[in-house]
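Below is one structure, written out as structure tokens, with a few remarks after it.
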Amino acid sequence: MEGFKRKTPEEILLSISKLHRGSLKIYIGAVSGSGKTYHMLREGHNLKGQGIDVVICAVSTLQRPETVEQLGDLERVPSIHWMKDGVEQKDLNLEALLERNPEVVLVDGLAHQNREGAQFPTRLEDIKYLLSHDISVISTVNVYELEGTMEVAHKLTGIEVGCCVPSDTLELADEVRLIDATPEAILTRLGEGHLKGNQDAALFKRGNLGVLRELALRLVAEDVNDSLEAHREQMGFQGPSGATERILVTTQYHWNGSIYVRRGQQIAKRLNGDLHVVTLRKQGKTLTKEAAAFRRSIMKLVEKVGGKFEELPLSYRRCIPQILVDYANANHVTRIVLGHSKQTKWQTLIQGSVINGVLKRTKNIDVFLVADRASQEGERILPAHIHTSKEPYKYKRLSKQEVDAKIEKIKRGRFKVYIGAAPGVGKTYTMLREGNDLLKKGIDVKIGLLETHGRKETTQQVGDLDIVPRAVNQYQGINLMEMDTEAIIRLRPEVVLVDELAHSNVPGSKNKKRYEDVLEILEAGISVISTVNVQHLESLNDAVEHITGIRVRETVPDSMLRTADEVQLIDVSPEALQLRMRDGKIYAMVKVDQALNNFFKTGNLIALRELALREIADDVDERLESMERKSSLRGPWRRKEAIYVCVTDISQADRLIRRGFRIAHRLKAAWHVSFIAVRQSDEEWKTKLEVLEKLTRRLGGEFSYQEVVNRSHIPRVFAAKASNAGATQIIVWKDDIVKKLLPHASTMDVLIVADYESWQTSRNRVK
């Protein structure tokens, strides 16, 4: 139904005005040297090949060999040269550009400041001038050159930035593309002498490169989220998109209000979500002096932690659940944070329960209950100490097991993964290009498995790389082809390229999954470069189904990303990806319409892109935290967590287990899946239990199963198990046991997970 919604008069006028304005595309990267100019020039050649009139002006290659090579035969409009502090500067020659009147201008350095006396003081204003004359512009910028991130970048890295552009610059662009580069790749380029012209040594400290990379990923993710919400609003969609978290904290003007706000802030930070805080206030009622003081304190705290605060009018107490749920739905909230109920059974019967009322009215919103530790422990604020593991005494002799583990790590091959939001973004293309670059440096590289899907551009990138022939497996009289892992190990190349990490091997193969083959190759001391799409990560399986309506059957454990030495995102905008699709560059033309109307719908691609950006930002943050970096963009998690997942229904168990893993992973928590159910004796039940146990262990959790005589016993049994194990948070499905469980779990945080299956009622599940 995309495109059928009637446009407003304002939208029509805006569309008409855009017909007479050039379009702006911005390549953004973490630092100079990440490849922005290279990709901009390459796109210039692609446009020229399509018959579009392209010129370059004020493009700085800094004599980097790969970038200089991309200049090719692109027409250059001479820039205006001048000197500043002994360094040559280039300004756009606006007069010459207008006289030449190309369709597209490629120009570097969006944050550049022009010479004194120039027509405009900044390059950004030059570009706006060109756009107003119907000349499109493609430009580049570093994340720390954006006003909004400049201060954060300086605080976290100490780097000094000379020139910057306003915070809303990305909003001016018709398309923003992130050029992701790992710190390892940047440092390699630096070591090879390819990053000439960079004066600030602080930029190239490994920790700083990681911080700036994470800043870039999160910034573009926020920009993508804005476009996703605008698209969903235009299409008339309601509820959360499934790509991002939005936390709603409801509190009162009371001493424990700050506990709920801070807990909500921690959750929002660790889940990369926005924070909303609301209080409900009876209309016309004057606050007491104490309540007024708490009001000022909470408002100040919410502002400090970057949340949004609102007072909602309240008439009767029984209206509270409806008010909260209405606000949550209107603001696309994914999780409501409340305090545990302190009412007696009789008070609940007479006055009604806010928690029960909220649970009754929510369908796709999780409910999080903050532990009532204050009454038990006298705790009035959250613990302030950050738990860090102390480094072992440096002269302590290693045990045999520790020595063996270190030797295995040394012998193991290096592992790099290219990840994308969808098929066709260019993962295989980039992998092959890197393989050829390594081959030119004298490194023995071979292709272990390649899936070109008939894409000419990808096939052309094979170049001089040798392909290891596939093994032939016979299955029921049929010859089936698969990657020949044994041959690769026997040939022992230094690096092997392996496409589609999540692929399921053909019947008769030694390993069921390709990622298991990759682990075997790595253990043999051979380095691997591979590719995967974000929708194939095991823990994102449910989120992807919610976004696209498609259940992805082939998955890879999230631990594979953590195993990788490098994970690099290949970012492409939905518009560019759909254009590739229409041009037949992803699938055969007969499949194009079907793909564009299903998986490749605009809303799906925007949401998946945001999911990929946030996932890699989290990966970067995890790696930085493992280096014991003192500051974190997601904020420190201030206490040791232990999570218990309560499973009582086998039909939804896998969803709840995956959800438990993602939460535990973000909180750096130990986690346990406790399946408690009435005794079942059939073989099918036992098989399903084994599958759930394997899933839990594959994701790094512990699994236990316990039988009860009657389902009504489950709440008390589970609460006792979790409490005895020292659980700080329990995760349960929103079902019939929740109400009976809560009174036994008031000293623990409780996450009540929404009924995700209800999200799919209007979607077709694709096998």
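Worth knowing before you read on, the calculation uses all heavy atoms, side chains too, and leaves out hydrogens, waters and symmetry mates.
Side-chain atoms of S167 come within 3.5 Å of backbone N or O of G148 as a donor-acceptor pair. The main-chain N or O of V211 is never found under 3.5 Å from a side-chain atom of E214 such that the two would form a donor-acceptor pair. N93 places no side-chain N or O within donor-acceptor distance of the main-chain N or O of I80, the cut-off being under 3.5 Å. Between the side chain of D565 and the main chain of F415, a donor-acceptor pair closer than 3.5 Å is present. A donor-acceptor pair is defined here as one N or O able to donate and one able to accept, closer than 3.5 Å; such a pair exists between the side chain of D174 and the backbone of L24. Using modelled atom types, no side-chain atom of D274 and backbone atom of E245 make a donor-acceptor pair closer than 3.5 Å. Counting only distance, with no hydrogens or angles, the side chain of H112 and the backbone of R123 share no donor-acceptor pair below 3.5 Å. Of the possible polar contacts, one joining the S527 side chain to the R414 backbone as a donor-acceptor pair under 3.5 Å is found. Looking at R582, its side chain never comes within 3.5 Å of a backbone N or O of V592 through a donor-acceptor pair. Looking only at distances, a side-chain donor or acceptor of R189 sits under 3.5 Å from a matching main-chain atom of G33.
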T37/D108 under side chain to side chain donor-acceptor pair (under 3.5 Å): CA gap, chis, key distance, verdict: CA-CA 7 Å; T37 305; D108 250 334; 2.9 Å; yes
Derivation and outcome, side chain to side chain contact (heavy atoms under 4.5 Å, CB included), residues L579 and K585: CA-CA 9 Å; L579 183 60; K585 293 181 178 180; over 6 Å; no
Working for side chain to side chain donor-acceptor pair (under 3.5 Å), residues E69 and Y38: CA-CA 9 Å; E69 188 181 334; Y38 174 95; over 6 Å; no
Check against side chain to side chain contact (heavy atoms under 4.5 Å, CB included), L450 and L432: CA-CA 9 Å; L450 176 63; L432 291 170; 3.9 Å; yes
Criterion side chain to side chain donor-acceptor pair (under 3.5 Å) on N604 and T548, from CA distance to verdict: CA-CA 6 Å; N604 288 354; T548 65; 5.3 Å; no
Full working for side chain to side chain contact (heavy atoms under 4.5 Å, CB included) between I28 and L219: CA-CA 10 Å; I28 185 170; L219 181 70; 3.9 Å; yes
Salt bridge (charged side-chain N to carboxylate O under 4.0 Å, His left out) assessment of E610 paired with R614: CA-CA 6 Å; E610 182 181 351; R614 292 186 185 279; 2.8 Å; yes
Criterion side chain to side chain contact (heavy atoms under 4.5 Å, CB included) on I135 and V104, from CA distance to verdict: CA-CA 6 Å; I135 297 175; V104 181; over 6 Å; no
From CA spacing to verdict: salt bridge (charged side-chain N to carboxylate O under 4.0 Å, His left out), K269, D621: CA-CA 12 Å; K269 279 283 188 182; D621 202 85; over 6 Å; no
Chi angles and distances behind the side chain to side chain donor-acceptor pair (under 3.5 Å) call for Q461, T458: CA-CA 5 Å; Q461 288 300 309; T458 304; over 6 Å; no
Stepwise salt bridge (charged side-chain N to carboxylate O under 4.0 Å, His left out) test for E75 and K48: CA-CA 10 Å; E75 181 185 342; K48 185 179 177 182; over 6 Å; no
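With L501 as the fixed residue, the side-chain contact (heavy atoms from CB on, under 4.5 Å) test singles out one of V518, L561, T531, N533: V518.
What you find for L106 and V59 is that their closest heavy atoms are O-CG2, 3.4 Å. Across all their heavy atoms, R580 and G426 have their closest contact at NH1-N, 4.0 Å. When all heavy atoms of K601 and L596 are compared, the pair lying nearest together is CG-O, 3.4 Å. Contact between K446 and P493 at its shortest, heavy atoms only, is CG-CB, 4.0 Å. When all heavy atoms of A421 and Q535 are compared, the pair lying nearest together is O-OE1, 3.2 Å. For the pair S34 and I186, the tightest heavy-atom approach, listed with the atom from each and the gap, is CA-CD1, 3.6 Å.
Rounded to the nearest 0.5 Å, atoms CG (N142) and CG (L110) are 10.5 Å apart. C164 SG to L124 CG: the interatomic distance, rounded to the nearest 0.5 Å, is 10.5 Å. Taken to the nearest 0.5 Å, the NE2 atom of H536 stands 10.0 Å off from the CD1 atom of I419. The CG atom of L605 sits 8.0 Å away from the CE atom of M581 when rounded to the nearest 0.5 Å. The OG1 atom of T67 sits 9.5 Å away from the CE atom of M40 when rounded to the nearest 0.5 Å. Taking CZ of R177 as the start and NE2 of H39 as the end, the distance is 5.0 Å to the nearest 0.5 Å.
Two residues are said to be in side-chain contact when any heavy atoms from C-beta on lie closer than 4.5 Å; I447 and V496 fail this criterion. Looking only at side-chain heavy atoms (C-beta outward), H453 and I586 stay at 4.5 Å or farther from each other. Using a 4.5 Å cut-off on side-chain heavy atoms (C-beta onward), I138 and V54 make no contact. The shortest side-chain heavy-atom distance between I56 and V107 does not fall under the 4.5 Å cut-off. At a threshold of 4.5 Å between non-hydrogen side-chain atoms, the residues Q89 and H81 do not count as touching. Taking 4.5 Å as the limit, some side-chain heavy atom of L465 sits within range of a side-chain heavy atom of L497. Side-chain contact between N101 and D134 is absent, with no heavy-atom pair separated by less than 4.5 Å. For the pair E615 and D619, the minimum side-chain heavy-atom distance is 4.5 Å or more.
Residue pairs meeting the salt bridge (Lys or Arg N to Asp or Glu O under 4.0 Å) criterion with at least one member in residues 416-435, sequence neighbours excluded, are K416-E434, K416-E566.
Residues passing the ring pair (Phe, Tyr, Trp, His ring centres under 6.0 Å) test with Y129 are F120, H133, sequence neighbours excluded.
Heavy-atom neighbours of K205 NZ from other residues, nucleotides or ligands within 6.0 Å: at or below the threshold of 12. The environment of R76 atom CZ is sparse: at most 12 non-hydrogen atoms of other residues, nucleotides or ligands sit within 6.0 angstrom. When the shell of 6.0 Å around CG of D464 is examined, it contains 12 or fewer heavy atoms from other residues, nucleotides or ligands. E88 CD: more than 12 foreign heavy atoms inside a 6.0 Å radius. Counting heavy-atom neighbours within 6.0 Å of Q50 CD, excluding the residue itself, gives a total above 12. The environment of E151 atom CD is sparse: at most 12 non-hydrogen atoms of other residues, nucleotides or ligands sit within 6.0 angstrom.
Remark: the T122 side chain and the Q113 side chain contain no N/O donor-acceptor pair separated by less than 3.5 Å. There is no side-chain donor-acceptor pair under 3.5 Å between E451 and T428.
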